[in-house]
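Indexing begins at 1, ligand by ligand and atom by atom, following the structure's order. Keep in mind it's a predicted model, so treat the numbers as computed, not measured.
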Amino acid sequence: MEVAGKRYSYDDKELDRAEGEVIEALESHSQQPFPDPDRWLEEQVPPNILLTTVDAMLNWARRSSLWTVLCFPACCAFELMSAACSRFDISRFGMEIMRASPRQADLMITAGTLTWKMAPQVRRVYDQMAEPKWVIAMGACGISGGMFAGSYAVVPGYNRIIPVDVYVPGCPPRPEALLNGIRMLQDKIAKRSLLEEVKKP
Ligand code: SF4
C-alpha cells in the first residue's frame, strides 16, 4: 500500500488476526440491543390515555353536577330536605348545591302541590333556567295533583305547564325514592347526543 509516496507493507495474517480481535470484542459486548430511547413513551401510553367520545364526556360532566333550583311549594319539600342532609347525602351525586336563582340551575325538583295561582311563577322559573335543563316531578301532587287532583285550584301535574323527565311517586316519596329518581335522570342524561341537541330547532 502506498500513502503520500511512502510504501507500507503489512503481514496479511497479522491484519486478519487484529481484525478478528476487534470483531470478537464488539460481538461479545453486543448481546443485547441498545434500549429504544422512546420506549418510556410506549410504556406510558396504556395507563395514561383514555379514549372516549365527546357525548360521553359532556354527559358525564352534566349528570355529575346537577344544580337544583328551589321549588318547594308543599310538604314533599321535607323529604327533599331530608335527602339533602347527611343521612341520605344527595351530594354523593354531585348535586348538593341548591340555587335560589334559576339562571344558576339546570334541575327543578317539584317538591309539592302546585296551585294555578302559583303556576305562572313556576313556569317563569323554568323558562329562566339554563339549558339543557331537566325536571323531576316529585310526589303524587307533582305527578297528577295527588289528593287534590279534582280541585279547581290545583294543577293536575306539573307536566301541564312544563316538560317532566322523571316521575317519583309517593305521598310523600321517601328520600331513597327521590335518590332513585335522580339516578334515573342521570341515566337519561348519559344517553343524550350532542348532535341531536345541535339539530334541535
Ligand atoms: S304528594 Fe303528599 S306529601 Fe307530597 S305535596 Fe302532595 S300531599 Fe304533600
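Between the side chain of Thr110 and the backbone N or O of Met138 there is at least one donor-acceptor pair closer than 3.5 Å. A distance-only check finds a donor-acceptor pair linking the side chain of Arg123 to the backbone of Ile161 [under 3.5 Å]. Between the side chain of Ser82 and the backbone N or O of Phe78 there is no donor-acceptor pair closer than 3.5 Å.
Contact of the Pro175 side chain with the Arg87 side chain is not registered, since no non-hydrogen atoms from C-beta on lie closer than 4.5 Å. Inter-residue side-chain proximity for Leu66 and Leu185 is flagged as met; some heavy-atom pair is nearer than 4.5 Å.
For Trp116, the CH2 atom is densely surrounded, since the number of other residues' heavy atoms within 6.0 Å is greater than 12.
In this comparison of Gly145, Gly112, Ala140, Gly146, the heavy atom closest to atom 1 (S) of ligand 1 sits on Ala140. In the candidate list Ala111, Cys141, Pro169, Cys171, Cys141 is nearest to atom 6 (Fe) of ligand 1, counting heavy atoms.
Nearest protein heavy-atom neighbour of atom 4 (Fe) of ligand 1: Cys76 SG, 2.3 Å. For atom 8 (Fe) of ligand 1, the nearest non-hydrogen atom of the protein is Cys75 SG, 2.2 Å. The nearest heavy-atom contact from the protein to atom 3 (S) of ligand 1 is Pro172 CB, 3.4 Å.
Ligand 1 lies within reach of Gly170, whose nearest heavy atom is under 4.0 Å from it.
Each of the following atoms of ligand 1 lies closer than 4.0 Å to a heavy atom of Thr113: 5 (S), 6 (Fe).
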